[in-house]
Enquirer: 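This is the structure I want to talk about, given as structure tokens.
In the text below, chain A, chain B and the rest are named by the order of the sequence lines, each starting its count at 1. Computed over heavy atoms, backbone and side chain alike; hydrogens, waters and symmetry mates excluded.
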There are 2 protein chains.
Amino acid sequence: MTPTVPSRAPPHQNDIPPIENVPLRIQVADRLRKAILSGKLPLGSSLVEATLADQLNVSRAPIREAIQILENDGLVETIAYKGKRVKPLTIREVGEAYSLREIYEVMAVKRILESRIPVDLLHQHCDQMTAAAKADDFEALTAADEAFHHELIRLADHSLLMASWKNLYLRIHQIMAIRNREQRNLTQVAKNHPPIVHALEANDANLAIELITDHTRILAALDPTSIVKEF
Amino acid sequence: MTPTVPSRAPPHQNDIPPIENVPLRIQVADRLRKAILSGKLPLGSSLVEATLADQLNVSRAPIREAIQILENDGLVETIAYKGKRVKPLTIREVGEAYSLREIYEVMAVKRILESRIPVDLLHQHCDQMTAAAKADDFEALTAADEAFHHELIRLADHSLLMASWKNLYLRIHQIMAIRNREQRNLTQVAKNHPPIVHALEANDANLAIELITDHTRILAALDPTSIVKEF
DNA sequence: AACTTATGTATTGTCGACAACCAACAGTAT
DNA sequence: ATACTGTTGGTTGTCGACAATACATAAGTT
């Protein structure tokens, strides 16, 4: 009876340990980030520590740390002794964000082609996009789009690239949330992705890079003026 | 009238109104960053808030915030309720850092060529490198090298790229400080740069990109094992 | 009226103390 | 000996109060 059960006795076997103890600053940061990305906190809104602390029923310390996290995300800026606010976007920054995204994704494509890793996982996201486009579901399409590109970067197997891309994508996300939705042709967006997957599978480097570049540039070319306001 | 002047004298008058108005967290962060980059705080060193607060004669709050800044710089990592330490480097991360640097610098070169902006400013850094190499001054060469690449990125006129490059270069700097100095041929490093400037001035895109790529890859190819230790 | 000087107000910056938490150790019963 | 169970030491997490700062505004002066 093999009493010698491997008995992998890790330091502690909590059968019911999944209750994670998330620090307040993380919870607050997540909440604020969501509020900013959803537009609930518009660009330029001022964030007052005391007010937020009162609203969220915590002290100012975790609020401060949460805001610092968002500052590192590039979503908030602080002016010493004056105030903190949701960082406004300039037209220039929008363009810059997309041009950086382009080189990240091109790098990912190159690495994927070199490593010859299979890219099957991308198909399902394409399918989801197609379905979302058919249903005219903007939210679902956006989510599937992000999942596709996230998976693309993940396949590149490069942790620093992933970290940089994630950080950048926060702004892209913000930009897309603000843009007038009518500007995007949902069907077109969905149709853009499968050729990329096919080029990867065919190991056609030139085509894959060209497609991913075009894809990014099309998004960048959308009218950015709707994003910028006066501050 | 109202001789009832509140009398409330100003809370306090500093007869020595110093000009420095820098928040403590910034001073602390700068100091710690310097200590880490110089190797005074080796990889894996644990950072205890209370200890640092005691040593630097400030409370834990600014220490915490400073450490958070360094965490965003990627120099420190926190393990909840356990401790904070200088983030160790893996061989893999070293390679990743250089490969990212490559695409940043290639992007900068491309933008400079497209904008046809003059690159005269790069010459002086080349001269400084040559002089430093001749004098066998490692510190000066490193500084001039950083100044050269910083200027290159600046000429690309892309604020997000600059921010990303700066953040990445912190790690590069760390890596270079740790590497055995004998591994670098000072004269060779100095000689690598002028051709890049010439290619830019000649508007030779292919050559410029090839040179900057090679330059980065040579650095990346140095033996990384000297960096990694056990943790 | 124009200019300078106080002073009030809103906000961030810093502090010291206490609570929560984890890891390792010691002690006890089996 | 082995497994379980306090307990303790060290570290981060959170809190409420006070100090410092900048800006706007009112008061006073010429």
Enquirer: Output all residues satisfying side-chain hydrogen bond (donor to acceptor under 3.5 Å, both in side chains) with R31(B), sequence neighbours left out; order by chain, then residue number.
Expert: none
Enquirer: Taking atom P of dG10(D) as reference, at what distance in whole Å does atom CG of D54(B) sit?
Expert: 15 Å
Enquirer: Looking at every non-hydrogen atom in both residues, tell me the closest pair between K87(A) and G74(A) and how far apart they are.
Expert: CD-O, 3.6 Å
Enquirer: Does the distance from a Lys or Arg side-chain N to an Asp or Glu carboxylate O, for E65(B) and R64(A), drop under 4.0 Å?
Expert: yes
Enquirer: Measure the distance from CD on E71(B) to C1' on dT12(D) and round it to the nearest whole Å.
Expert: 12 Å
Enquirer: Between L56(A) (CG) and dC15(D) (P), how many Å, whole number?
Expert: 11 Å
Enquirer: Let me know the distance between CD1 of I69(A) and P of dG13(D), rounded to the nearest Å.
Expert: 10 Å
Enquirer: In whole angstrom, give the distance that lies between atom CD1 of I26(B) and atom P of dT12(C).
Expert: 15 Å
Enquirer: Looking for any heavy atom pair under 4.0 Å, which part of the strands does L47(B) touch: base, sugar-phosphate only, or nothing?
Expert: sugar-phosphate
Enquirer: Looking for any heavy atom pair under 4.0 Å, which part of the strands does I79(B) touch: base, sugar-phosphate only, or nothing?
Expert: nothing
Enquirer: Among dT12(D), dT14(D), dT14(C), which nucleotide sits nearest the side chain of L24(A)?
Expert: dT14(D)
Enquirer: Describe, in one word, how the ring planes of H215(A) and H149(A) are oriented to each other, choosing from parallel (under 30°), tilted (30 to 60°) and perpendicular (over 60°).
Expert: parallel
Enquirer: Which residues satisfy the side chain to side chain contact (heavy atoms under 4.5 Å, CB included) test with I117(A), sequence neighbours excluded?
Expert: I112(A), S115(A), L155(A)
Enquirer: Take the protein atom CD of Q68(A) and the nucleotide atom P of dT12(C), then report the distance between them rounded to whole Å.
Expert: 14 Å
Enquirer: CD of E49(B) versus C1' of dT14(D): gap in Å, rounded?
Expert: 12 Å
Enquirer: Could you state the atom-to-atom distance from CG of L52(B) to C1' of dT11(D) in whole Å?
Expert: 12 Å
Enquirer: Suppose we screen for side chain to side chain contact (heavy atoms under 4.5 Å, CB included). Which residues come up paired with K166(B), at least two apart in sequence or across chains?
Expert: H150(B), M162(B)
Enquirer: Under a 4.0 Å threshold between the charged nitrogen and the carboxylate oxygen, would E105(B) count as salt-bridged to R101(B)?
Expert: yes
Enquirer: With D127(A), which residues qualify under side-chain hydrogen bond (donor to acceptor under 3.5 Å, both in side chains), at least two apart?
Expert: none
Enquirer: Check each residue of residues 57-67 of chain A for a non-hydrogen atom within less than 4.0 Å of any atom in DNA chain C, then write out the ones that pass by number, or none.
Expert: R60(A), R64(A)
Enquirer: Tell me the closest heavy-atom pair linking A156(A) and R111(A), and the distance in Å.
Expert: O-NE, 2.9 Å
Enquirer: For nucleotides 20-22 of chain C, which of its nitrogen or oxygen atoms have a protein nitrogen or oxygen under 3.5 Å away, and what is each distance?
Expert:
from, atom 1, to, atom 2, distance (Å)
dC21(C), OP1, N21(A), ND2, 2.4

